[in-house]
Amino acid sequence: MKRRTLLAAGVAGLTTATVGRPAFAGSPARRPTVALVPLDDRPVNTYCPQMTAASAGARVTLPPRELLGRFFVPGDGAAIARWLTATDDVDGYVISVSMLAYGGLIASRTAGPSLDAALDNLAAIRTLRSSRPDAVIEVHDTIQRLAITSTGTELDTYRNALVDWAKLYDQVVNLGQEELRPRLDALRAQIPDQVVEDYLAARARNHQVNRLMIEWVADGTISHLVLSEDDTAPVGLARAERVELEAMVTQLGVGDRVEIFPGADEVDALLVARVVAAGAAPTYRVEYAGVSGEDWTAQLEGVPFAENIRRHVAAVGGRVVDGDADLVLAVNTPSTGPERRAADLDAFVGRIGELLTAGAQVIVVDPLIVNKADHDLVARMESRLDLAALLSYSGWNTGGNALGLALGHGTARWAYLRSTDRGSGVPELREPGLAHAEYLLYRFVKDDPWKNVVQVEAYAHARAQGWDPLALTPEQKTYFDGWVRDRLVPITERYFADHFAGHRVVLGRRGAKTFTATLARFESARVELAWDRLFEVILEPRLRLS
């Protein structure tokens, strides 16, 4: 929205003061710090948790970059284990088992890393608990997805067949649908034995580690655990594994400390927000654009989206309620028919505007379309809302990914704004406000114009030259770093000018007074491909407050 005078979230009816220096006298409090072992080195698992924390006046410390690996090169789990046990003076730990045990998400999907080596690396969590008995140790692991990673090799030939086989196997062997056995046997005959054996070996190893992590919750080694289902479906081997893990959680009585839900890439940021917002216990009311989330299951997921919301909310330390709530989750769900879509979106965006005007704290979750924003929604938001007034937005990748990224950012920011009214020890307010605005800009640009426009053009350009967009050579990657930068930096600058420049962002509150600053200028943006493929991009905008 191009009007320049709207205030950011939750300031209706309050006296405002524009801030040009730290709002409160005295020494700023020590910045809360979270030590993070990320899922891998992509921005969603490094930059997004860092910006989630920064928007709440906290910081994330990561292992040295060279230990995290890159794409098909696994991270050094043994070295990361040593880094982890040597890291202290932090307010909490967020640890990805996939990275610590195997070297990252992609490595976890292969049979290469041995169980013994994984267990040796994971022993660092036990050491951490022994040396820091009161530490907050947040851990997440993945329930392996149905599909293997695309490698640009002959293995990709069997990728879809393996997914179909894993679904049929579950239906026939676990669910007793014997009428499907001929299809199962015929499909199995098309896949080489070694491919299936490696696939099952990785699943068996990962499932054993999943179980061990639940046991470590039960004995107090782990404070809280998330087991995320990476790109799943209502049936399949992942479903069967989840059911067994859920039964184990119930048997050990740890349901209040373990969540299992569809997702993966969002969990680093979500658990960082849990640490940052510890003790806040927020409540959330959910409002939908179309059908209820009780009646809709997002693509690549296996539970109704409303249930996924409840589980993600529990993971960040909150709960869903029906009435008055601290925050509103505005969730973009499908309409009952195409003829209703425009009206539903108009009403949905109008409702968000009403909530913002009334001072509500609003998080927008856009899970409808896999891998990108719903442009029809975003275009309406751009024309009718002050985007800087939102606590957060995400439409990135799967439904669970979009949900967790928006929920983590919005919750951390809400908890921070709430804490600025406590009196003494108020931290410096401008830096968190600036980080919040930069992250909001990042989310809108990356999820809509990058995914819906620039990436589409980049894929077409690569294929026109006979290049594989998901497996670029180093030379091709260098070429596309420049190609993408030349397009995405101007788009980001223009997006800021159209939808953020001149708008005010809330920095903090003291009693009846709300302190704000104006978003004055786009400074720069770092842009390059994260890996040797066109699927994701590094985008780090830098802004200036007045």
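Worth saying up front: this structure is predicted, and the values here are computed from it rather than measured.
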How many angstroms lie between [atom1] in [X] and [atom2] in [Y], if you round to the nearest 0.5 Å?
X	Y	atom1	atom2	result
Y169	L237	OH	CG	7.5 Å
L84	L36	CG	CG	10.5 Å
L128	S130	CG	OG	9.0 Å
L434	L429	CG	CG	12.5 Å
S223	W216	OG	CH2	13.5 Å
L155	Q194	CG	CD	10.5 Å

Sidechain-backbone polar pair: [X] side chain, [Y] backbone, donor-acceptor under 3.5 Å:
X	Y	result
R145	L300	no
R203	Q144	yes
T110	I106	no
R285	V321	no
D447	S394	no

Practice problem: For side chain to side chain contact (heavy atoms under 4.5 Å, CB included), just list the numbers for R211 and L245, CA-CA rounded to whole Å, side-chain angles, deciding distance to a tenth of an Å, and then say yes or no. | Solution: CA-CA 7 Å; R211 291 176 56 87; L245 294 168; 3.8 Å; yes
Closest approach of [X] to [Y] (non-hydrogen atoms, all atoms of both residues):
X	Y	answer
L441	P541	CD2-CB, 3.9 Å
A56	V276	CB-CG1, 3.5 Å
S392	H409	CB-ND1, 3.4 Å
R510	T420	NE-O, 4.0 Å
W296	P367	CH2-O, 3.8 Å
D40	T46	O-CG2, 3.8 Å

Can you tell if the side chain of [X] reaches within under 4.5 Å of the side chain of [Y], non-hydrogen atoms only?
X	Y	result
F71	T149	no
R70	W531	yes
T61	T33	yes
L440	V505	no
F261	V303	no
S55	E438	no
M248	N210	no
R274	L270	no

Indicate yes or no: does [X] engage [Y] in a salt bridge with an N to O separation below 4.0 Å.
X	Y	answer
R239	E229	no
E246	R311	yes
R42	D265	yes

Quiz prompt | Flag if over 12 foreign heavy atoms under 6.0 Å of CD, E540 | solution =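 Counting other residues, nucleotides and ligands, CD of E540 exceeds 12 neighbours.
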Quiz prompt | Within 6.0 Å of CD in E66, more than 12 heavy atoms from elsewhere | solution =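 Enclosed: over 12 neighbouring heavy atoms sit under 6.0 Å from CD of E66.
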Exercise. Show your working on salt bridge (charged side-chain N to carboxylate O under 4.0 Å, His left out) between E528 and K477 and close with a plain yes or no.
Key: CA-CA 9 Å; E528 63 181 274; K477 195 265 188 186; 3.7 Å; yes
Quiz item: Going through the distances and angles, do N206 and Y102 end up as a side chain to side chain contact (heavy atoms under 4.5 Å, CB included)?
Solution: CA-CA 10 Å; N206 293 357; Y102 316 116; 3.2 Å; yes
Practice problem: Would you mind telling me which of D170, L168, L146 makes a side-chain contact (heavy atoms from CB on, under 4.5 Å) with V235? | Solution: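 Testing each of D170, L168, L146 against V235, the sole residue satisfying side-chain contact (heavy atoms from CB on, under 4.5 Å) is D170.
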Practice problem: Under the salt bridge (charged side-chain N to carboxylate O under 4.0 Å, His left out) rule, what do R31 and E428 come out as? Steps first, then yes or no, please. | Solution: CA-CA 10 Å; R31 293 180 68 189; E428 206 280 340; over 6 Å; no
Indicate whether the side chain of [X] and that of [Y] have a donor and an acceptor atom separated by less than 3.5 Å.
X	Y	answer
E259	H312	no
D326	T283	yes
T127	R82	no
E301	N308	yes
T221	D219	yes
Y93	R132	yes

Exercise. Cation-pi check, R413 to Y439: give yes when NZ or CZ is under 6.0 Å from the six-membered ring centre and within 45° of the ring axis, no otherwise.
Key: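 No; the conditions do not both hold, so R413 does not lie above the ring face of Y439.
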